[in-house]
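As the structure is a computational prediction, the values presented were derived from the model and not from experiment. Below, each value reflects all heavy atoms present in this structure, side chains not excepted, and no hydrogens, waters or symmetry copies. Every chain is numbered from 1 and lettered A, B, ... according to where its sequence line falls, protein lines coming before strand lines.
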Number of protein chains: 2
Amino acid sequence: MGRNIAALGTVTQPPGNVPKYYLVKRHLLEIIDALPPGSPVAPERVLTAELRTSRTTVRQALAELVGEGRLVRRQGSGTFVAEPKTAWPLSMASFSEQAAASGFQPGTRLLSVETVSADDDIARRLGLAPGANVHRIERLRTGDDRPLAVEVCFVSAARFPRLPDRMRSAQSLYEVFERHYGVVPVDAEETIETAAAPPAEAALLETDTGAPMLVLSRHTFDDSGEPVEWVRSWYRGDRYVFVARLTRPRPRRR
Amino acid sequence: MGRNIAALGTVTQPPGNVPKYYLVKRHLLEIIDALPPGSPVAPERVLTAELRTSRTTVRQALAELVGEGRLVRRQGSGTFVAEPKTAWPLSMASFSEQAAASGFQPGTRLLSVETVSADDDIARRLGLAPGANVHRIERLRTGDDRPLAVEVCFVSAARFPRLPDRMRSAQSLYEVFERHYGVVPVDAEETIETAAAPPAEAALLETDTGAPMLVLSRHTFDDSGEPVEWVRSWYRGDRYVFVARLTRPRPRRR
DNA sequence: TACGCGCATTGGACTAGACCAATTTACACT
DNA sequence: AGTGTAAATTGGTCTAGTCCAATGCGCGTA
């Protein structure tokens, strides 16, 4: 068509400054909403010409849509409408149980197990003296053989001797905790934040450096209130939505 | 100094492709980590010259650091090390209670109340026929007079007649539910995802269009399992971390 | 001293284009 | 018809620069 971006949609928003790339984004959104997942979208250079803008501006709009899980891009191939996001439950259940609850075949790839000296933050979280030895366990969690999350877990080396060896043959960390050490995690504090994917995590999760991620940090305690583990998990923000079930704590007051 | 980016740090990561902007980001991170909040960081053009790269590349690194809450930028003024993020609890408590628990003086600004026809998604969520009337309540929640979140709430118009009038003088929606309609929300399903800030939300939250956000959607039910409200809240991803407390549901099995 | 105007500084948005990498397509040759 | 290679297509990274908007500083003036 070749109509100018200025003619796109109606700007009902704040008086002046809606960036041009955002008009492009809304325009693309209208197109995407009408197409089923997998449908191809016009290539960058075509959009650039059609909308009379620079490639940079088009790319900024596309990048946001990719980050929000609306589009998928494949170099050399094209841009396509993405599948809807997948729900990921927040619960005390083990990874395998959570995955199963979401209808995935869970899998784990052990990336590295090493024993290192804890930095101040980790030591404090695990109730150890600064510099104490901790096991650092890095794993790639998969669902239906597709990468799902990268987890880095820290536990006290003194409390869990020979854990590295045991990890190499085990699937579930919680099972090892219980079987070999009699430790049962009973509650946890989870924090959720956004971050940009570092190159290593991006590669493992098959996305791009800088892609928006959901970072879930879990601080787990056993029944006596002792800290058990400190885990930091990276999930692709364009693929997953976290779901939490909340119940009113007390009957009522007032 | 004028040292080239190629000399920065050591690339132990994946074989080849670490983008140049990421080297800049790591370099800046080292600087930031050693400075207290509020400290100024060198302006873009200086970094561009020092690191022998383009302004675009420097800006990409800065943008990610801003999105992760490590830096704050003020046009005409400069770039500064940011305050640490603030924890925001996920619980069934009302906004005021949650804010108080986080040490904020809670406030609410009613942006708009209107009665509209529900789209299919909203109707389904509230258990209504498609096109049924719903009240749409848009509010800006504040903590210590600073914008905290933008909330858009939908409730059935048939179930809550004259709610718009009552809202205008009320602070707490839950209080109105209980006092005037005898409805007490008891549990909820919350979903958390990432998104880029639209211009309107960005303006209200005093950030930039496209800034990474945490979007919290809450589907609330009363004691008989009836849906009460559907709320979508936008929080600045660079400022807040969501915190959830989890407890193992069952005593144990196996 | 206090005020106000103008300029320099700084971040924000956008452009046009170069070069690279992955993929797909087209075509020549067997 | 099948196969392999070259070319075209498409997304990814980076550069160099323009113009604008908000802020803050300094200087001249009242």
Please classify the nucleic acid contact of B:T56 as base, sugar-phosphate, or nothing, using heavy-atom distances under 4.0 Å. base
Options C:dC14, D:dC14, D:dT15, nucleotide nearest the side-chain atoms of A:K20: C:dC14
For atom [atom1] of [X] and atom [atom2] of [N], their distance in whole Å:
X      : N      : atom1 : atom2 : answer
A:E206 : C:dA22 : CD    : C1'   : 15 Å
A:L51  : C:dT15 : CG    : C1'   : 15 Å
A:L47  : C:dC14 : CG    : C1'   : 17 Å
B:L71  : C:dT10 : CG    : P     : 16 Å
A:R52  : C:dT15 : CZ    : P     : 13 Å
B:Q60  : C:dG11 : CD    : C1'   : 17 Å
B:L23  : D:dT13 : CG    : C1'   : 13 Å

Reading nucleotides 4-11 of chain D from the 5' end, what letters show protein touch, with B for base, S for backbone sugar-phosphate only, - for no heavy atom under 4.0 Å? -----BBB
According to side chain to side chain donor-acceptor pair (under 3.5 Å), who are the partners of B:T48, at least two apart in sequence or on a separate chain? none
For A:P106, does its backbone N or O pair with a side-chain atom of A:S96 as donor and acceptor, under 3.5 Å? no
Ignoring hydrogens and angles, tell me if any N or O in the side chain of A:E190 forms a donor-acceptor pair with the backbone of B:A244 under 3.5 Å. no
Which word best sums up how the rings of A:F95 and A:W88 line up, parallel for under 30°, tilted for 30 to 60°, or perpendicular for over 60°? tilted
Has A:T53 got a side-chain N or O lying under 4.0 Å from the OP1 or OP2 atom of C:dC14? no
Answer yes if the ring centres of A:F242 and B:F242 are under 6.0 angstrom apart, and no otherwise. no
Run the numbers on A:R125 and A:F154 for side-chain contact (heavy atoms from CB on, under 4.5 Å), then give the verdict. CA-CA 10 Å; A:R125 289 203 139 92; A:F154 292 91; over 6 Å; no
